[in-house]
Number of protein chains: 2
Amino acid sequence: MLLSKSCVYGLRAALYLAAKRDGSYYSIRTMSEELDISFHFLTKILQQLTADSLLESYKGPNGGVRLSAKGKKSTLFDLVIAIDGPGLFTECALGLPGCGSEEPCPLHNSWIDTRASIENMLKRTNLTKIAEEGKEKHFRLTADGHFSWS
Amino acid sequence: MLLSKSCVYGLRAALYLAAKRDGSYYSIRTMSEELDISFHFLTKILQQLTADSLLESYKGPNGGVRLSAKGKKSTLFDLVIAIDGPGLFTECALGLPGCGSEEPCPLHNSWIDTRASIENMLKRTNLTKIAEEGKEKHFRLTADGHFSWS
DNA sequence: TTAGTTTAAGACAATAAACTCTTAAATAGG
DNA sequence: CCTATTTAAGAGTTTATTGTCTTAAACTAA
Ligand code: FES
Ligand code: FES
């Protein structure tokens with residue numbers, strides 16, 4: 001799997017928030033139900049995004065989370081880094097420590113190109129833009145496709 | 001992580017075998033020591049490659065494993081499929097079931113291109129060729145670079 | 001035939017990832 | 001002030017992956 005499950009859940013929730021263009025807070029409970037993700041698990045993942053200032057949270061009644069200014073400008077790359085860390089973009093394809101051209105493994109030359117193409121894809125994919133497109137074209141965000149972009 | 005640890009171990013062992021151009025059997029015990037991989041774990045992984053006819057094995061003294069004719073012609077893609085299965089090349093980036101253009105998720109259009117570039121990289125990388133190159137250029141196959149291509 | 005070597009197979013254990021639950025802290029509204 | 005609601009934090013549980021161990025089967029050579 002390219003991305004961890006935590007990361008995928010985080011991306012789906014971020015797309016959810018990005019599709020709502022107003023600045024109000026959305027409850028994690030509601031999001032978890034609409035997206036079919038465990039509430040407590042999603043909470044922990046979104047805390048990572050909040051800690052990285054991609055989201056803002058507010059406690060209490062009518063509280064929830066929303067995209068920060070930084071979050072609205074973010075790309076999928078930023079979200080992946082916040083949740084899975086930079087490993088995918090720095091590590092050796094054969095798992096050897098210290099991937100680099102000084103001591104390359106046999107896959108190094110092939111891998112750095114492919115790795116860059118993954119990175120570029122994520123960097124050029126703006127969260128808000130992809131959410132807008134998903135909303136327009138009614139792309140699905142859940143297994144059963146039952147989620148509605150509202 | 002792009003590839004599982006099992007898969008990476010299998011690739012490294014396959015590169016080891018591909019660098020030996022004679023058709024004799026190499027003991028898994030020796031390979032596991034030279035490559036710093038747990039013997040029993042490596043055995044199980046190589047059994048998968050043997051089951052998929054990429055390797056041939058022989059029991060008893062002077063036994064071991066060697067590349068089959070199919071194995072010699074194989075690409076990294078074949079090895080990845082044999083160990084990790086086809087998931088990486090068929091599954092949705094958001095983990096939704098049934099990735100396809102009928103019911104795409106917001107990442108689908110970006111992901112299928114990137115996925116294809118990973119697949120093409122693995123398919124164009126011939127095991128024997130990459131092992132030859134690794135041998136010539138003394139690329140490393142272990143963490144400490146202590147492995148010698150002999 | 002017997003003992004030693006090697007892969008095959010599968011049970012078992014340790015670790016990591018995924019998921020759940022409980023309690024605390026902040027906030028709103030009555 | 002009190003209660004309900006919501007995120008924060010972290011402990012605990014389950015499941016998947018990784019790694020170890022034991023026994024069996026195939027084979028060699030003495
Ligand atoms: S050293 Fe292995 S991919 Fe860079
Ligand atoms: S449906 Fe999500 S990547 Fe194809």
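Order of the sequence lines sets the chain letters (A, B, ...), proteins ahead of strands, with each chain counted from 1. Small disclaimer: the values here were computed from a predicted structure and weren't measured.
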### Query
In B/S/- notation, 5' to 3', how is nucleotides 25-30 of chain C contacted by protein heavy atoms closer than 4.0 Å?
-BBS--
### Query
Between A:S57 and A:T50, is a side chain to side chain donor-acceptor pair (under 3.5 Å) present by the stated rule, with each step listed?
CA-CA 7 Å; A:S57 70; A:T50 304; 4.8 Å; no
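Looking at B:V8, B:I45, B:L42 one by one, the single match for side chain to side chain contact (heavy atoms under 4.5 Å, CB included) with B:I37 turns out to be B:L42.
The phosphate of C:dA8 (OP1 or OP2) has a side-chain N or O of B:S57 nearer than 4.0 angstrom. Taking side-chain N and O atoms only, B:K5 has a distance below 4.0 Å to OP1 or OP2 of D:dG19.
A:S68 and A:S53 are not linked by any side-chain donor-acceptor pair at a separation below 3.5 angstrom, with hydrogens and angles left out of the test. Using a 3.5 Å distance cut-off with no hydrogens or angles, the side chains of A:T75 and A:D78 do pair a donor with an acceptor. Inspection of the B:S27 and B:T30 side chains reveals an N or O donor paired with an N or O acceptor under 3.5 Å.
Listed by first residue number, the stems of DNA chain D with at least three Watson-Crick or G-U pairs below 3.5 Å are C:1-30 with D:1-30.
Residues from residues 80-92 of chain A that place a heavy atom under 4.0 Å from any atom of DNA chain C: there are none. For the segment residues 29-52 of chain B, residues with any heavy atom less than 4.0 angstrom from an atom of DNA chain C are, sorted by number, B:F39, B:K44, B:Q47.
Between A:F41 and A:Y9, the two ring planes are perpendicular [angle over 60°; tilted spans 30° to 60°]. Ring-plane geometry between A:Y16 and A:Y26 is classed as perpendicular, the angle between the planes exceeding 60 degrees on a 0 to 90 degree scale with a lower cut at 30.
The distance from atom CG of B:N126 to atom CG of B:L76, rounded to the nearest 0.5 Å, is 8.5 Å.
Residues satisfying the side chain to side chain contact (heavy atoms under 4.5 Å, CB included) test with A:D36, not counting sequence neighbours, are A:T142, A:D144. In terms of the side chain to side chain contact (heavy atoms under 4.5 Å, CB included) criterion, residue partners of B:T43 (sequence neighbours excluded) are, by chain and number, B:I28, B:F39, B:Q47. Annotation: side chain to side chain contact (heavy atoms under 4.5 Å, CB included) contacts of B:C99 (sequence neighbours excluded): B:C92, B:H108, B:R115. With sequence neighbours excluded, the residues satisfying salt bridge (Lys or Arg N to Asp or Glu O under 4.0 Å) with B:E119 are B:K123. Every residue meeting the ring pair (Phe, Tyr, Trp, His ring centres under 6.0 Å) condition with B:W149, not counting sequence neighbours, appears here in chain and number order: B:F147.
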Between the protein and nucleotides 13-15 of chain C, list the N/O to N/O atom pairs that are separated by less than 3.5 angstrom.
none

Acceptor/donor pairs from residues 129-136 of chain A side chains to any protein atom, 3.5 angstrom cut, sequence neighbours excluded:
| unit_1 | atom_1 | unit_2 | atom_2 | d |
| --- | --- | --- | --- | --- |
| A:E133 | OE2 | A:K137 | NZ | 3.1 |
| A:K135 | NZ | A:A19 | O | 2.8 |

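What separates OH of B:Y25 from P of C:dA8 is a distance of 11 Å, to the nearest Å. Atoms CE (A:M1) and C1' (D:dA16) sit 10 Å apart, rounded to a whole Å.
Hydrophobic cluster membership for B:Y58: B:Y25 (Ile, Leu, Val, Met, Phe, Trp, Tyr linked by side-chain heavy atoms under 4.5 Å, directly or transitively).
Judged by closest nucleotide on DNA chain C, B:S27 is the one of A:S4 and B:S27 placed further toward the 5' end.
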